A.B. asks: 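Take a look at the following structure, please.
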Amino acid sequence: MTDYRKTVNLLDTPFPMRGDLAKRESQWLKSWYEQKRYQKLRQISKGRPKFILHDGPPYANGDIHIGHAVNKILKDIILRSKTLAGFDAPYVPGWDCHGLPIEVMVEKLHGRDMPKAKFRELCRSYAAEQIARQKKDFIRLGVLGDWEHPYLTMDYKTEADTVRTLGEIYKAGYLYRGAKPVQFCLDCGSSLAEAEVEYKDKVSSAIDVAYPFKDTAALAAAFGLDKIEGEAYGVIWTTTPWTLPASQAVSAGAEIVYQLIDTPKGRLVLAKDLAQSALERYGFSDGLKVLAETTGEKLENLHLSHPFLERDIPLLNGEHVTTEAGTGLVHTAPAHGLEDYFVCIKYGIELINPVNAQGRYIADTPRLAGMTVWEANPLVIDWLAENGRLLANGKIEHSYAHCWRHKTPLIYRATGQWFIGMDKNGADGKTLRNKALQAVDDTEFFPAWGRARLQAMIEGRPDWVVSRQRFWGTPMTFFAHKETGELHPDSAALLEKIAQRIEEKGIEAWFALDKSELLDAEDCEHYDKLPDTMDVWFDSGSTHYSVLKQREELAWPADLYLEGSDQHRGWFQSSMLTGCATLGRAPYKQLLTHGFVVDQDGRKMSKSLGNVVAPQEVYNEFGADILRLWTATTDYSGELAISKEILKRVTESYRRLRNTLRFLLANLSDFHPIEDAVPQADMVEIDRYALVMARRLQEKLAGDYYPRYAFHFAVQDIVAFCSEDLGAFYLDILKDRLYTTPAGSHARRSAQTALYHITRSLVLLVSPILCFTAEEAWDIIGGGEEDSVLFHTWHDFPQMPSESEAALSRKWQAVREVRNAVTAAIEPLRSDKSLGSSLQAEVVITAPAELAAALSALDGELRFALLVSKAEVKEGAELSVEVKVSGGEKCERCWHYTADVGTMAGHETVCARCAENVEGRAESRHYV
């Protein structure tokens, strides 16, 4: 008796069913880095067109979180896909190293009572430690890059080039010094950039204050009255009582209608649209008399008195005044509000700033000297009440600016700072705002809504405050005149000399510099070194110059910047502004943004909620490829939801992909493409159709999804291809031919030729996402131990004439539809146990003439496509299927039911087809 189990081609593969990724990935990484695969890839890619993705530097403080992982994985997927597309796509990772968070951590660890040079040395050391920790995790995620030579904003050369960038902006005419009010954190002791400000709700005192008009006759004229009896007041509403000592004007809207209302507390001027709600706050009932109406334009240049100080208060017209809330008259303190500042500049009013850098009132402030602004709030309210100027006092919960580090409320405070002017004409006569808006127009956005968001931010952004009062930061290496504050006339030349010193010794070269080393005796008498450091957003924002323009393997401008959606107000802007100011355009061609990671219920990650998913936990439990697959599967243009349950579902998708690869690799284990491949023209027809399906998948991903960074669509199509086109159709049909025909037969080699092309294409298609799994598979199907999926471009499929391909696709799509109809017709018989396997069925298919002809053309091989033991075709008006249970016997070897089982001598339990295959007379297949 023959053991027919040994006659079928059931092969194995070293590609295991279980990936065991969490354990094996780190071993693969070690091997790949020992082989210097990144460096070899650079050599292989030399001479190709470049694709440059410039890395937005994460901050060197603390372990990476899931948002960092998403960001780096997306970048890696893009660069791997660009490499496959035939680009030289290097990746130089970077880190942002200066700034307050590191200062705070060093203070906690070492205190601050030490020389500043020692403090900066500890900051540099701390940043280096954090970088080493983060780098290890990024590498563990499979992110390929020049990790041995990253860029750091604290590298001496980078610090020097950051200084040079500032010098170029100075030469371009956009840098100036001013005392404009800026967002100021009392805990930081420094001004903040826009990107360092976050908004959350705060409860504040909301008060209505009466400012007496000095000349009631002039007021009467403005309202068209002959005279006004008694006192008259303009009423303001504010949620910052502490700013009243700096009140220098009251602003009205020129086109807003104001009423003069007779009340028990005097004649009050209120905006018509807000009068009723204001009077209710003051406790007045209906029936108060409106004496007259006028517009704010008529009130311009009237004068009031300060509610508790000896100060004249002019009444101005300001475009910022609205009737959304309050009284329609706005108390105006140019030291504590940007709009207040601009309207006072327009009227030639010099600002008064009674608050110092510690948030305390200066010594000559009556009753409040030495107090913090927060301590002053109740005292100011009491002072107003004593003077009879407080009309209402309540509480309001409103959105208020907070420091993103300390989570404490900010104040607007006028302080001497250095600015990059948005509307200041540069040396070329163009404003930076106009250049930046043109840069927005010239940039491609993914997703497209990013354009409107960045444009709105550029249109509305104030001048950029680039100076900071910190120790650990790139210094503003200028000499300023002691009296006038003007920069030294030779600043450009001096700055380059300083940059050369910093390039050699780091920023300490500036801090340790004695000015006499660069200035003559007369200049030393009149000029001092600026004590300020630069905003860290300037550091990272100028890396397009300090990195892209300096490193040979990179290029300027970058093709792509990719960061979280919050960077529209951060790195995207700072990079655009430094690029436009120095080189006339944005340093990127495309901007891609991704959303934030939330839990499965849409909540932000929070330790207090216990919903934090750390990337380290994910790759230790599931493997980095699962985290990469989750990232690619999720539509990153919105929020990305993650949880253990979501990751388990992703793991199931991964297993289906892995099992498909395992089947393909197992059935190629005895196939040698050079020796065994069948020319396309000689292949079995369904194999040629399978190549068409695989090639079209590759064309869609390589030509559409990957270039437009639509990775979730790519994953969807890959999974669908594996489960539907392969698993449920082609491979399901192919098993019979793979297993039962002789190993070296044309029928089997044709199938393996198709599988070879499909497998190589599929491994390449998944390799940007599943980088570990793809390399594991490539080790089996690739070119040897030193080969890598990285070293290849998209698979080159054999081509067929387009007309032939179109006809083939139409034919087999029709067969698939018939196959679905046959499966549906068989299912009731399987449900009622009339038959078991579909191979026990015989079918009669009635079909319209054209379809019937196509089915009949498959000759006796139609049954293999339908997975039945017998198939007959008839011509009729509509498609229908008749099913009956086969009367034949089951073949022990192929499991088909036929009448010829046992008809071949010596093979009593198998069909004639199997007997011939076993004896070496391979069956002939042309279609299926």
Side-chain angles (χ1 to χ4, degrees), residues 1-17 658-673 675-678 683-687 690 726-756 758-759 780-781 835-842 860-871 886 888-928:
M1 294 290 290
T2 302
D3 185 355
Y4 290 109
R5 289 176 298 179
K6 295 180 180 179
T7 69
V8 293
N9 306 306
L10 293 175
L11 306 179
D12 202 0
T13 173
F15 190 83
M17 185 178 296
R658 186 175 183 88
N659 286 340
T660 301
L661 286 173
R662 176 175 163 75
F663 178 90
L664 295 170
L665 293 168
N667 283 284
L668 289 170
S669 59
D670 66 339
F671 178 78
H672 304 283
E675 301 168 10
D676 301 329
V678 175
M683 291 172 70
V684 173
E685 191 175 273
I686 193 174
D687 296 336
L726 292 183
F729 174 65
Y730 180 59
L731 300 182
D732 202 24
I733 293 170
L734 202 62
K735 288 174 185 175
D736 178 85
R737 183 155 41 108
L738 284 170
Y739 296 162
T740 66
T741 59
S745 67
H746 171 270
R748 185 162 179 274
R749 292 307 190 198
S750 172
Q752 288 181 306
T753 301
L755 294 187
Y756 173 76
I758 291 168
T759 304
I780 299 168
I781 199 174
L835 56 76
S837 161
S838 67
L839 290 174
Q840 198 175 352
E842 296 179 359
E861 296 179 31
L862 176 60
R863 67 187 179 101
F864 297 117
L866 303 180
L867 290 187
V868 297
S869 288
K870 185 177 180 181
S886 174
E889 290 188 40
K890 181 180 180 182
C891 172
E892 177 187 337
R893 185 168 179 271
C894 71
W895 297 358
H896 284 249
Y897 289 75
T898 64
D900 61 2
V901 170
T903 60
M904 297 286 286
H907 299 286
E908 288 75 11
T909 60
V910 300
C911 65
R913 179 176 70 98
C914 280
E916 290 189 348
N917 280 327
V918 169
E919 292 186 359
R921 297 186 300 278
E923 66 177 298
S924 177
R925 293 282 189 97
H926 299 286
Y927 305 104
V928 188

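This chain uses plain numbering: 1 for the first residue, then up along the sequence. Note that the coordinates shown come from a computational prediction; the quantities given were computed from them, not determined experimentally.
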A.B. asks: Taking Ser869 for its side chain and Gln840 for its backbone only, find out whether a donor-acceptor pair lies under 3.5 Å.
C.D. replies: no
A.B. asks: If you measure from the Lys or Arg side-chain nitrogens to the Asp or Glu carboxylate oxygens, is any gap between Arg893 and Asp736 under 4.0 Å?
C.D. replies: no
A.B. asks: If you take all heavy atoms of Ala666 and Ser669, which pair is closest and at what distance?
C.D. replies: O-OG, 2.9 Å
A.B. asks: Do you know the tightest heavy-atom contact between Arg737 and Ile686?
C.D. replies: NH2-CG2, 3.4 Å
A.B. asks: Answer yes or no: is there a donor N or O on one side and an acceptor on the other, between the side chain of Asp676 and the main chain of Gly744, under 3.5 Å?
C.D. replies: no
A.B. asks: What is the distance from atom OG of Ser750 to atom CZ of Arg925, rounded to the nearest 0.5 Å?
C.D. replies: 10.5 Å
A.B. asks: Atom CG of Leu731 and atom CG of Leu738: how far apart are they, to the nearest 0.5 Å?
C.D. replies: 8.0 Å
A.B. asks: With rounding to the nearest 0.5 angstrom, report the CG to CZ distance, Leu866 to Phe864.
C.D. replies: 11.0 Å
A.B. asks: Got a sec, which residues hit salt bridge (charged side-chain N to carboxylate O under 4.0 Å, His left out) with Arg863, two or more places apart in sequence or on another chain?
C.D. replies: none
A.B. asks: Quick one: closest heavy-atom pair of Ala751 and Tyr730, and the distance?
C.D. replies: O-OH, 4.1 Å
A.B. asks: Indicate yes or no: at least one non-hydrogen side-chain atom of Ile781 is less than 4.5 angstrom from one of Leu665.
C.D. replies: yes
A.B. asks: Measuring from atom NE2 of His896 to atom SG of Cys914, what distance do you get when rounded to the nearest 0.5 angstrom?
C.D. replies: 8.0 Å
A.B. asks: With heavy-atom distances below 4.5 Å as the criterion, would you say the side chains of Leu726 and Phe663 are in contact?
C.D. replies: no
A.B. asks: Please find the pair of heavy atoms, one from Ile758 and one from Ala690, that lie closest to each other, and give the distance.
C.D. replies: CD1-CB, 3.9 Å
A.B. asks: If you define the side chain from C-beta out and look only at heavy atoms, does anything of Leu734 sit under 4.5 Å from Asn667?
C.D. replies: no
A.B. asks: About how many Å separate CD of Gln752 and OG of Ser745, when rounded to the nearest 0.5 Å?
C.D. replies: 8.5 Å
A.B. asks: Under the 6.0 Å and 45° cation-pi test, does Arg748 pair with Phe671?
C.D. replies: no
A.B. asks: Taking the side chain as every heavy atom from C-beta outward, state whether Thr753 and Asp687 have any pair of such atoms under 4.5 Å apart.
C.D. replies: no
A.B. asks: Locate the shortest heavy-atom distance separating Pro742 from Asn917; write the atom from each residue and the value.
C.D. replies: CD-OD1, 3.3 Å
A.B. asks: Indicate yes or no: at least one non-hydrogen side-chain atom of Arg5 is less than 4.5 angstrom from one of Leu10.
C.D. replies: no
A.B. asks: My understanding is that only one of Thr13, Thr759, Asn659 makes a side chain to side chain contact (heavy atoms under 4.5 Å, CB included) with Leu664; could you say which?
C.D. replies: Thr759
A.B. asks: Count the heavy atoms belonging to other residues, nucleotides or ligands that lie under 6.0 Å from NZ of Lys870, then report whether that count exceeds 12.
C.D. replies: no
A.B. asks: Backbone N or O of Glu923 within a donor-acceptor pair of the Arg913 side chain at under 3.5 Å?
C.D. replies: no
A.B. asks: Can you see which heavy atom on Asp732 is nearest to which on Leu867, and at what distance?
C.D. replies: OD2-CD1, 3.2 Å
A.B. asks: Please examine the side chains of Ser924 and His746, heavy atoms only from C-beta on, and report whether any two atoms are closer than 4.5 Å.
C.D. replies: no
A.B. asks: Checking Thr740 now: which residues fulfil side chain to side chain donor-acceptor pair (under 3.5 Å) with it, not counting sequence neighbours?
C.D. replies: none
A.B. asks: About how many Å separate CZ of Arg658 and CE of Met17, when rounded to the nearest 0.5 Å?
C.D. replies: 10.0 Å
A.B. asks: Using the rule side chain to side chain donor-acceptor pair (under 3.5 Å), only one of Glu916, Glu919, Glu892 pairs with His907; which is it?
C.D. replies: Glu919
A.B. asks: Tell me, do Lys890 and Ser837 make a side-chain contact under 4.5 Å, heavy atoms counted?
C.D. replies: no
A.B. asks: Glu842 versus Tyr897: any side-chain heavy-atom pair under 4.5 Å?
C.D. replies: no
